[in-house]
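Quick notes on the structure that follows.
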Amino acid sequence: MLRLISAFTLLLACSHAFIQPVALRPRSSLFVEKVEGNPSYKKVFVAGGTKGVGKCIVESLSKSGVDIVCVARSDEAVSSLNAMDNVVCHKGDAFDYKSIEDNMWGCDAVITTLGGTTEEGRRVDYEGNNNVIEAAGILGVTRVVLVTSIGCGDSKDAAPPAVFEALKDVLADKEKAERVLQRYYTNTNWTIIRPGGLKSEAMTGKAILTEDKLAIGSIHREDVADLVIKALKSSGTKKKILSAVDMSLGSNVGGEREVEEFQL
């Protein structure tokens, strides 16, 4: 659901949307106006930081001394994240727009890896990511990295037909979040990263980002996290859509096809 966003963005409206006025706060003192060189962000909001790629990102950023803010639905997850250095995790829910906006206040960059379905069958891939993107727009946080999946948008043909068919509803929701970021947040320094098939194994250090829309293959979650953090800090990834794959893994589809690496 789309609400009224700040003056420098477009007014979103659709027939099924209920639009609520939102009181704008002054911009954070950490607000980044433009990209010059490779920026360094001091306080990063990570959505999806309780598990998978998101948790790998939180762990890595915390070790580097960056302040991180997260929200989590369960007390157990909140406690686990708060036990890490430089991490503040609040009780909250990505489906609750206000809990995202309230806790993002003061951050100068946002990473969202949200995906999956609740026990009630509610999918967060669009609704949750849309809340994160909207809150960034409202608060003037102009650096946003959205992690989706190969198979979204113009990478549809990269996914094997059987895989695409099995995941088409999830991919459609992720693609809707991508479109919101691309079309309506034109003043935002955004980057979209689309990983291939995810594995929970140790980082190989051989994964790459590429602009090749037909690139497909597996990648370890720790490698995705590493690439996301590098992309966050790179001035060359502004308004870029990049696939993330590890061509060194034997499960890659496409045989000997060469994939050109995007240079960060």
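The structure displayed is predicted, hence computed values, not measured ones.
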Checklist entry - So, does D223 use its side chain to make a donor-acceptor pair with the main chain of G205 at under 3.5 Å? => result yes
Item to check | Smallest separation among heavy atoms of V132 and A47, with atom names | outcome: CG2-CB, 3.7 Å
Checklist entry - Any side-chain donor paired with an acceptor under 3.5 Å for E134 and N130? => result yes
Next on the checklist: Is there a continuous path of hydrophobic side-chain contacts, each under 4.5 Å between heavy atoms, that joins L242 to V53?
Outcome noted: yes
Next on the checklist: Return the CZ to CG distance between R143 and N189, rounded to the nearest 0.5 Å.
Outcome noted: 4.0 Å
Next on the checklist: In the structure I gave you, are the side-chain heavy atoms of D102 and M104 within less than 4.5 Å of one another anywhere?
Outcome noted: no
Checklist entry - Does the T118 side chain pair with the main chain of R122, one donor and one acceptor, at a distance under 3.5 Å? => result yes
Next on the checklist: Would you compute the distance between atom SG of C56 and atom NE2 of H220 and round it to the nearest 0.5 angstrom?
Outcome noted: 11.5 Å
Item to check | Close side-chain approach of C70 and I68, heavy atoms under 4.5 Å | outcome: yes
Checklist entry - Is it true that a side-chain atom of T188 and a backbone atom of W190 form a donor plus acceptor pair closer than 3.5 Å? => result no
Next on the checklist: Please evaluate residues L264 and L209 with respect to the criterion side-chain contact (heavy atoms from CB on, under 4.5 Å), reporting the C-alpha separation (whole Å), side-chain torsions for both, the decisive distance (0.1 Å), and the verdict.
Outcome noted: CA-CA 8 Å; L264 293 167; L209 295 173; 3.9 Å; yes
Next on the checklist: On a heavy-atom basis, which atom in V71 and which in G92 lie closest, and how many Å separate them?
Outcome noted: CB-CA, 4.1 Å
Checklist entry - With a 4.5 Å limit on heavy-atom distance, are the side chains of T112 and V145 in contact? => result no
Checklist entry - Below 4.5 Å, heavy atoms only, C-beta onward: do Q182 and I241 meet side chain to side chain? => result yes
Just distance, no hydrogens or angles: give the donor-acceptor pairs under 3.5 Å from side chains in residues 147-156, sequence neighbours left out.
residue : atom : partner : partner atom : Å
T148    : OG1  : E178    : OE2          : 2.6
D154    : OD1  : R194    : NH1          : 2.8
S155    : OG   : G151    : N            : 2.8
S155    : OG   : C152    : N            : 3.2
S155    : OG   : C152    : O            : 2.7

Next on the checklist: Test of understanding: clusters of I, L, V, M, F, W, Y form through side-chain heavy atoms closer than 4.5 Å, transitively. Do I229 and L227 belong to the same one?
Outcome noted: yes
Item to check | CG-CZ distance between L114 and F95, expressed to the nearest 0.5 angstrom | outcome: 8.5 Å
Checklist entry - Taking C-beta and beyond as the side chain, do F262 and I208 meet within less than 4.5 Å on heavy atoms? => result no
Item to check | Nearest atoms (heavy-atom pairs only) where S248 meets T204 | outcome: OG-OG1, 4.4 Å
Item to check | Joint hydrophobic cluster, M203 plus I193, side-chain heavy atoms closer than 4.5 Å | outcome: no
Next on the checklist: Between V141 and V110, is there a side-chain heavy-atom distance shorter than 4.5 Å?
Outcome noted: yes
Checklist entry - Do the side chains of L198 and L171 join up, straight or via other hydrophobic residues, at under 4.5 Å, putting them in one cluster? => result no
Checklist entry - What's the spacing between D226 CG and S60 OG if we round to 0.5 Å? => result 6.5 Å
Next on the checklist: Just to verify, what does D173 make a side chain to side chain donor-acceptor pair (under 3.5 Å) with, not counting sequence neighbours?
Outcome noted: R123
Checklist entry - Any side-chain heavy atom of T142 sitting closer than 4.5 Å to one from Y185? => result no
Checklist entry - Is a side-chain donor or acceptor of S80 paired with a backbone partner of E76 at a separation under 3.5 angstrom? => result no
Next on the checklist: Could you check whether any side-chain N or O of K233 sits under 3.5 Å from a backbone N or O of Y41, counting only pairs where one atom can act as donor and the other as acceptor?
Outcome noted: no
Item to check | E119 atom CD, over 12 foreign heavy atoms within 6.0 Å | outcome: no
Item to check | I216 side, atom CD1; M247 side, atom CE - distance, nearest 0.5 Å | outcome: 9.5 Å
Item to check | N131 side chain to A94 backbone, donor-acceptor under 3.5 Å | outcome: yes
Item to check | Verdict with supporting geometry, H90 and V88, side-chain contact (heavy atoms from CB on, under 4.5 Å) | outcome: CA-CA 7 Å; H90 303 278; V88 175; 3.4 Å; yes
Next on the checklist: Donor-acceptor pair, distance only, cut-off 3.5 Å: does the side chain of D212 make one with the backbone of E260?
Outcome noted: no
Checklist entry - Quick check: are there more than 12 heavy atoms from other residues, nucleotides or ligands sitting under 6.0 Å from NZ of K230? => result no
Checklist outcome for this item: Heavy-atom nearest pair, V69 first then C107, reads CG2-SG, 3.9 Å
Checklist entry - Short question: side chain of D125, backbone of K174 - any donor-acceptor pair under 3.5 Å? => result no
Checklist entry - Just wondering, do E261 and E211 contact through their side chains at under 4.5 Å, heavy atoms? => result no
Checklist entry - Do you know the tightest heavy-atom contact between T50 and A72? => result CG2-CB, 3.6 Å
Item to check | Y184 with L139, same ILVMFWY side-chain cluster at under 4.5 Å | outcome: yes
Checklist entry - Under a 4.0 Å N-O cut-off, is there an ion pair linking K42 with D108? => result no
Checklist entry - Are the side chain of T237 and the backbone N or O of T191 linked by a donor-acceptor pair below 3.5 Å? => result no
Next on the checklist: Has S62 got a side-chain atom pairing as donor or acceptor with V58's backbone, closer than 3.5 angstrom?
Outcome noted: yes
Next on the checklist: Under a plain distance cut-off of 3.5 Å, with no hydrogens placed, do S99 and D93 share a side-chain donor-acceptor pair?
Outcome noted: no
Item to check | Residue pair N86, V66: steps toward the side-chain contact (heavy atoms from CB on, under 4.5 Å) verdict | outcome: CA-CA 7 Å; N86 307 308; V66 175; over 6 Å; no
Item to check | Atom of G48, atom of T113 and distance for their closest heavy-atom approach | outcome: O-OG1, 3.4 Å
Checklist entry - Between V245 and I219, is a side-chain contact (heavy atoms from CB on, under 4.5 Å) present by the stated rule, with each step listed? => result CA-CA 5 Å; V245 293; I219 185 169; 5.6 Å; no
Next on the checklist: Please report the interatomic distance CD(E59) to CE(M84), rounded to the nearest 0.5 Å.
Outcome noted: 4.5 Å
Checklist entry - Is the shortest distance from a Lys or Arg side-chain nitrogen in D85 or K63 to a carboxylate oxygen in the other one below 4.0 Å? => result no
